[in-house]
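Below is one structure, written out as structure tokens; the observations come after it.
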Number of protein chains: 2
Amino acid sequence: MEPTLKLADQICFPVYAASRLIIRKYTPYLDELGLSYPQYLVMLVLWEEDQVPVSFIVQKLLLNTNTITPLLQRLEAMGMLTRKKSQHDERKVIVSLTAKGRKLKEQAATIPSEMAACLLSKEITAADLGMLVNKLNQLIATLNEEDAS
Amino acid sequence: MEPTLKLADQICFPVYAASRLIIRKYTPYLDELGLSYPQYLVMLVLWEEDQVPVSFIVQKLLLNTNTITPLLQRLEAMGMLTRKKSQHDERKVIVSLTAKGRKLKEQAATIPSEMAACLLSKEITAADLGMLVNKLNQLIATLNEEDAS
DNA sequence: GAATATTATATCGTGCGCGATATAATATTT
DNA sequence: AAATATTATATCGCGCACGATATAATATTC
């Protein structure tokens, strides 16, 4: 398929639109937790691994500190986490969940399966979704390694 | 694959991250045109069909007027388009390209193939991209029709 | 045809995303 | 060990996205 200036032909727009629509679909569930979508992503990272430097979250979410720092400051103000300078290297800031932040994981436990149900349809099976995740992760890897150079 | 609270397992994050990384990759090309990515999308719509109401662009890009109106105002200030009330229905605002806006299409003509080249790799073929576009469009259709209800 | 509902667009406030820049701490070089 | 470079995080400014609300024009109902 020769790429053209038509909206539907390009990969960029479907990915961009799907991202926004999926996030919209998450919103009612996340409202119950009092989290925005990016805040939810930060919590997902910390629920997997706690007491990590800011750089770890930056790397996982493929965002920069100019986005992550304000996000963490808001989550700190909400009482979900703490930010404290590392003793070994005072440049690093270690992010740790509070009890409240850890507790929230239980409340979030049902979200993934509820969301998966929202995305399935006659045209999109669970296998399709798995394949999509797979190919998108390869695409991300390609785009990300070029960045490093 | 049973959905879990792990970042990598869910569809949401890969789509979100891929969207941002693809847009980042567009940026140097769009800088030459003096356009942001959302502004580029508006121009893509108008290059396909000119003299359309705001609602047409809203529908094509799956955005709302609270995003589109300021976007159009900036593009108008840049001299790319004009906004004029419809004579038949004064609620509608008709968006039309200026000569400058039409002219920009020529300069943008090389972007799609340049971008496609950026996204291809050992792991991602042109056929993969085609399939991705296809499945994402189905996903968008599913998410969008539920909205309408 | 006056009252009400609907439609189309605009405005406002908040939280991202990100390029550019700043700052402070550690590493490296000389 | 003083000068320089690098690393880790933070700040600033601007343009999206979007929920909530406003406003004006047309349609519909009574």
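Protein chains get the first letters and strands the later ones, always in sequence-line order, with residue 1 at the start of each. Since we're looking at a predicted model, the values are computed, not measured.
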To check you understand the geometry: which heavy-atom pair defines the closest contact between A/Leu63 and B/Arg24, and what is its length?
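Heavy-atom minimum between the residues: CA-NH2, 4.2 Å.
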
Smallest separation among heavy atoms of A/Leu62 and B/Arg20, with atom names:
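Taking A/Leu62 first and B/Arg20 second, the nearest heavy atoms are O-NH1, 3.0 Å.
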
The test is side chain to side chain contact (heavy atoms under 4.5 Å, CB included); show your working for B/Met78 and B/Gln39 and say whether it passes.
CA-CA 11 Å; B/Met78 291 162 62; B/Gln39 287 167 0; 4.2 Å; yes

Check the angle between the aromatic planes of B/Tyr16 and A/Tyr37 and answer parallel, tilted or perpendicular using the 30° and 60° thresholds.
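Correct class here is perpendicular.
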
Going by distance alone, is a donor N or O of one side chain under 3.5 Å from an acceptor N or O of the other, for B/Ser19 and A/Ser19?
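There is no such pair between these side chains.
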
Testing the 3.5 Å rule here: is there a donor-acceptor pair between the side chains of B/Asp128 and B/Thr125?
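Per modelled atom types, B/Asp128 and B/Thr125 side chains form a pair under 3.5 Å.
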
Nearest nucleotide by nearest heavy atom, which residue falls closer to the 5' end of DNA chain C, B/Lys92 or A/Asp89?
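Going by which nucleotide is closer to the 5' end, it is B/Lys92.
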
Upstream residue (5' side of DNA chain C) when B/Leu72 and A/Lys85 are each assigned their closest nucleotide
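Looking at DNA chain C, the more 5' nearest nucleotide goes with B/Leu72.
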
Taking the side chain as every heavy atom from C-beta outward, state whether A/Leu139 and B/Leu21 have any pair of such atoms under 4.5 Å apart.
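The answer is no, as the side chains (C-beta and beyond) never meet within the 4.5 Å cut-off.
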
Summarise protein proximity over nucleotides 12-17 of chain D in one line of letters, 5' to 3': B for base, S for sugar-phosphate only, - for none, counting protein heavy atoms closer than 4.0 Å.
B--SSB

Boundaries of the DNA chain C segment in contact with chain A, non-hydrogen, under 4.0 Å
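For DNA chain C, the relevant span reads C/dG15 to C/dT26.
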
Determine whether B/Leu35 and B/Leu104 satisfy the following criterion, side chain to side chain contact (heavy atoms under 4.5 Å, CB included), listing intermediate values before the conclusion.
CA-CA 10 Å; B/Leu35 296 177; B/Leu104 200 67; 3.7 Å; yes

Students often get this wrong, so: under 4.0 angstrom with heavy atoms, is A/Thr65 touching a base, only sugar-phosphate, or nothing?
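Here A/Thr65 touches the bases of the nucleic acid.
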
